[in-house]
Amino acid sequence: MTSTEPTEHCNVKAVIPAAGHGSRMQSNIPKQFLTVGGKTLLQYSIEAVCADSRVTEVIVAVSAPDSNDLPDVSELAVSQTVTYVRGGETRAESVCKGVEYALVQGATHALVHDAARPCLPKEALARVIDSGVASQHGAILAIPVRDSLKRAMSLNNNAAHIEESVEREHLWQAQTPQVFHARTLLNGIHHMGAHNPQLTDEASAMQWLGYQPILVEGAFKNLKVTHPEDFECVANWLLAPVTTE
Ligand SMILES: Nc1ccn([C@@H]2O[C@H](COP(=O)(O)OP(=O)(O)OP(=O)(O)O)[C@@H](O)[C@H]2O)c(=O)n1
Ligand SMILES: C[C@](O)(CO)[C@H](O)COP(=O)(O)O
């Protein structure tokens, strides 16, 4: 793997982890299957990663690949092949299953994108692919921290109190997609362990191997739906009139 892989030799396959329970969402169905305008968040996320033709296939890791509740891939407004595989007990394990399948299908690079991030802008997708395939370090979308940061501590009243301020300069919040050489990423996840609580994103696995992924500025609207208020924001963005990107 050279430090600047010629992009014409790249075969980027998207892996979408969508096997979570969405417990923080407190909804009666996993959040990726909540609908906005008649489409699930998962469908929006699949269509979002398919907006760049360099993505040659989409592999979606779900808890029940043969479930009738899954979006019918024939109804998706995409030209790429979409395949469901069985996910795992952790996000990392689901990603692992997806990347293993992507490698069998001939992927050189894996583009991992949360099913819970349906508002991925096309131009941000293009930029993270550009950077991710051009460097052995790979790349992730992220946004610089914009608020003051405080470390919390609990006092005897159990309320959270400020223990200290945390320097926010040079701090970024990681998003997805995260784009890496597929075999290297799989090695990183295997070495770190898919149940390792520190393995919260693909960049962590690459860092474990000594790589320093490129930070590509993403977008605030590329929000991960985690809590109910997030869903309200995302639903408004998805239903807003389409603007030319
Ligand atoms: N075992 C898991 C856990 C999570 N995910 C996926 O990873 C993405 C980001 O994870 P998160 O937001 O934490 O989703 P959940 O684990 O479902 O949420 P919670 O932690 O609130 O249960 C989601 O698209 C989720 O479906 C997955 O594929 N497999
Ligand atoms: C991968 C990720 O979206 C980057 O911010 C985040 O780590 C996922 O965390 P979660 O707790 O599994 O949602």
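For this chain, numbers begin at 1 and follow the sequence in order. Read the numbers this way: they start at 1 and go in the same order the structure lists the ligands and their atoms.
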Considering heavy atoms of the protein only, find what lies nearest to [atom] and give residue, atom and distance to 0.1 Å.
atom: atom 28 (O) of ligand 1; result: Ala19 N, 2.8 Å
atom: atom 10 (O) of ligand 1; result: Arg91 CD, 4.1 Å
atom: atom 13 (O) of ligand 2; result: Lys224 NZ, 2.7 Å
atom: atom 4 (C) of ligand 2; result: Ala174 O, 3.5 Å
atom: atom 12 (O) of ligand 2; result: Arg91 CD, 3.7 Å
atom: atom 15 (P) of ligand 1; result: Gly22 N, 3.7 Å

Measure the [atom1]-[atom2] distance between [X] and [Y] for me, rounded to the nearest 0.5 Å.
X: Ile29; Y: Thr40; atom1: CD1; atom2: OG1; result: 9.0 Å
X: Leu120; Y: Leu141; atom1: CG; atom2: CG; result: 6.5 Å
X: Ser135; Y: Tyr211; atom1: OG; atom2: OH; result: 9.5 Å

Contact (N/O only, under 3.5 Å) between Gly88 and ligand 1: yes

Close N or O approach (Val225, ligand 1; < 3.5 Å): no

Contact atoms of ligand 1, heavy-atom distance to [X] under 4.0 Å:
X: Ser23; value: 19 (P), 21 (O), 22 (O)
X: Glu89; value: 1 (N)
X: Asp114; value: 8 (C), 9 (C)
X: Ala115; value: 24 (O)

Side chain to side chain donor-acceptor pair (under 3.5 Å) between Glu89 and His195, worked out: CA-CA 8 Å; Glu89 292 174 1; His195 284 71; 3.2 Å; yes

Passing option when Thr56 is tested against Lys13, His109, Gln80 for side chain to side chain donor-acceptor pair (under 3.5 Å): Lys13

Does only the side chain of [X] get under 4.0 Å from ligand 1, or the backbone, or both, or neither? Count heavy atoms.
X: Ser94; value: side chain
X: Arg24; value: both
X: Glu93; value: neither

Whether over 12 other heavy atoms sit under 6.0 Å from [X] [atom1]:
X: Glu164; atom1: CD; result: yes
X: Ile162; atom1: CD1; result: no
X: Glu217; atom1: CD; result: yes

Hey, is [X] close enough to [Y] for a salt bridge, meaning N to O under 4.0 Å?
X: Glu123; Y: Arg127; result: yes
X: Glu47; Y: Lys39; result: yes
X: Asp230; Y: Lys31; result: no
X: Asp130; Y: Arg54; result: yes

N or O pair under 3.5 Å between Gln175 and ligand 2: no

Contacting atoms of ligand 2, where contact means under 4.0 angstrom from a heavy atom of [X]:
X: Asp201; answer: 1 (C)
X: Arg117; answer: 2 (C), 3 (O), 4 (C), 5 (O)
X: Thr200; answer: 1 (C), 6 (C), 7 (O), 8 (C)
X: Asp114; answer: 1 (C), 2 (C), 3 (O)
X: Arg24; answer: 10 (P), 11 (O), 13 (O)

Select the closest option to [atom] among [options], judged by heavy-atom distance.
atom: atom 11 (P) of ligand 1; options: Gln32, Lys31, Arg117; value: Lys31
atom: atom 25 (C) of ligand 1; options: Ala92, Pro118, Ser45, Gly20; value: Gly20
atom: atom 23 (C) of ligand 1; options: Ala61, Ala194, Pro17, Gly87; value: Pro17

Shared hydrophobic cluster, Val85 / Val15 (ILVMFWY, side-chain heavy atoms < 4.5 Å): no

Polar side-chain atom of Gln178 near backbone of Ala203 as donor-acceptor pair, under 3.5 Å: yes

Flag, side chain of Glu75 to backbone of Asp72, donor-acceptor distance under 3.5 Å: no

Side chain, backbone, both or neither: the part of Glu202 lying under 4.0 Å from ligand 2 by heavy atom: neither

4.0 Å heavy-atom contact, Thr226 with ligand 1: no

